Amino acid sequence: MKKIFLISFCSVVVLSTLSSFKLTSPAGYKIGDKAEDFALKNVDGKMVSLKDYRNVKGYIVVFTCNHCPFAKAYEERIIELHKKYAPLGYPVVAINPNNPQMNPEDSYEMMQARAKEKAYPFAYLFDEKQQVYPKFGATRTPHVFLLTKDLSIAYIGAIDDNSQDPSAVKNKYVENAITALEKGEQPNPAVTKAIGCSIK
Amino acid sequence: MKGSRKAYWPAIFFMLVTITAVKSQTVTIYDSFPQLESRFHMSGDTTLLVNFWATWCKPCIQELPYFQSLEKKFAGKKFKILLVSLDFRMQLETQVIPFVKNKKIKPEVVLLADGDANNWIPHVDSQWDGAIPVTLMIVHGEKFFYGHRFESQKQLESWIGAHLN
């Protein structure tokens, strides 16, 4: 009887801990935190880690995916970001964090197809075990984390301030953040919010 | 006499169908968040339940039927449901309206086309990071926010019940 009581007590404690985790804001990196490197499979079949990059000043890590309309709306802008900033030492590192069982469009094979079709100039990695995005605290796609060379988090949030219309953008958040880093300043804003598809 | 009375029914039925169809097709577009926010200030003691969703958002679609059922449950009460679609403006005709029609969505649907989300998201709730679905309830001017998908009808109703007193 005591045992049963103990077990049920423990499960109540565990359950309430779990649910309280769910209710509080998601854990993840804050500005200034140092990110842990990862090794994820690229669409070309090779494993990619941040330490593999040579002569970089930082990384534009973008959690994105195939299926999400917001990710699609930003696809061209992500390509442009890489084209503009990779030569300056800030390559885009795209990561699909979604479980393809939730949406078949986000499978590794579909990632390969999309990367080929749009000629992605950047690595498009698959967070197959879904262990990387929770460490970052990514919650939606697209969700950007700008990292400095030593992997400290400099900016978290949206690419710019208009998801619907690229021509109506007033604030290019990621570009401004890189400009600030180049000047040795802190990005401002360092965190922005955006609508996106929940990572599943 | 009997026959002529019968003849009315198809006409009445047709009228009802037409009225419902017309009603379900209206989706107002709000270009800026303040337009939506002005709706938050309901007159008197009417409770407002606002759900942020989109046709492309699977978890949103999963919980929509719970909101549909609420409409029946609270019919005649001072309770208003507003479904705020975050679909892109250009998808209003191709996605949103057909969806509302096909799923026979009864609560009022509006489309918020304010792309500057970083600016308006904190006005809904400071804890919200922008992932959907989320639900906001305004009771006597007080805001309550739920930042996840409701897993069941029961969960939605008990969440509402907990704040309605």
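Predicted, not measured: the structure shown is a model, and the values here were computed from it. Below, read A as the first sequence line, B as the second, and so on, with proteins coming before strands; counting in each chain starts at 1.
Only the backbone of D87(B) comes within contact range of chain A, with at least one heavy atom under 4.5 Å from a heavy atom of that chain. In this structure, the portion of I121(B) lying under 4.5 Å from any heavy atom of chain A is its side chain and not its backbone.
For K34(A), the NZ atom sits in a loose shell: 12 or fewer heavy atoms of surrounding residues, nucleotides or ligands are nearer than 6.0 Å.
Between the S198(A) side chain and the I132(B) main chain, a donor and an acceptor come within less than 3.5 Å of each other. The closest donor-acceptor contact from the side chain of W128(B) to the backbone of A131(B) lies under 3.5 Å.
Within residues 92-128 of chain A, the residues that have a heavy atom under 4.5 Å from a heavy atom of chain B are M102(A), N103(A), listed by number. Inspection of non-hydrogen atoms places no residue of residues 40-63 of chain A under 4.5 Å from chain B. Proximity to chain A among residues 48-66 of chain B is limited to W56(B), K58(B), P59(B), judged by heavy-atom separations below 4.5 angstrom. Chain B is approached within less than 4.5 Å, heavy atom to heavy atom, by D161(A), N162(A), S163(A), Q164(A), Y173(A) from residues 143-177 of chain A, ordered by number.
Classification of the W159(B)-H163(B) ring pair by plane angle, with boundaries at 30° and 60°, yields perpendicular.
With rounding to the nearest 0.5 angstrom, the CD1 atom of I138(B) is 7.5 Å from the NE2 atom of H41(B). Interatomic distance, I199(A) CD1 to Q130(A) CD, rounded to the nearest 0.5 Å: 8.5 Å. In this structure, the separation between CD on E37(B) and OH on Y30(B) is 12.5 Å, given to the nearest 0.5 Å. The structure places CD1 of I105(B) at 13.0 Å from CD1 of I97(B), a figure rounded to the nearest 0.5 Å. The structure places CD of E108(B) at 8.0 Å from OG1 of T26(B), a figure rounded to the nearest 0.5 Å.
V110(B) is not listed as a side-chain neighbour of L83(B), based on a closest heavy-atom distance of 4.5 Å or more. Using a 4.5 Å heavy-atom threshold, the side chains of E157(B) and Q153(B) count as touching. For the pair F99(B)/V27(B), no side-chain contact is recorded, criterion being any heavy-atom separation below 4.5 Å from C-beta on.
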Requested in this report: Go through the steps to decide whether K80(B) and T47(B) satisfy the test side chain to side chain contact (heavy atoms under 4.5 Å, CB included), and finish with yes or no.
Outcome: CA-CA 6 Å; K80(B) 161 93 184 161; T47(B) 295; over 6 Å; no

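Y74(A) and E80(A) share no side-chain donor-acceptor pair at under 3.5 Å.
Salt bridge K73(B)/E71(B): absent, no basic N to carboxylate O contact under 4.0 Å. A salt bridge does not link D129(B) to K193(A): none of the charged side-chain nitrogens sits closer than 4.0 Å to a carboxylate oxygen.
A ring-centre distance under 6.0 Å is found for Y146(B) and H148(B).
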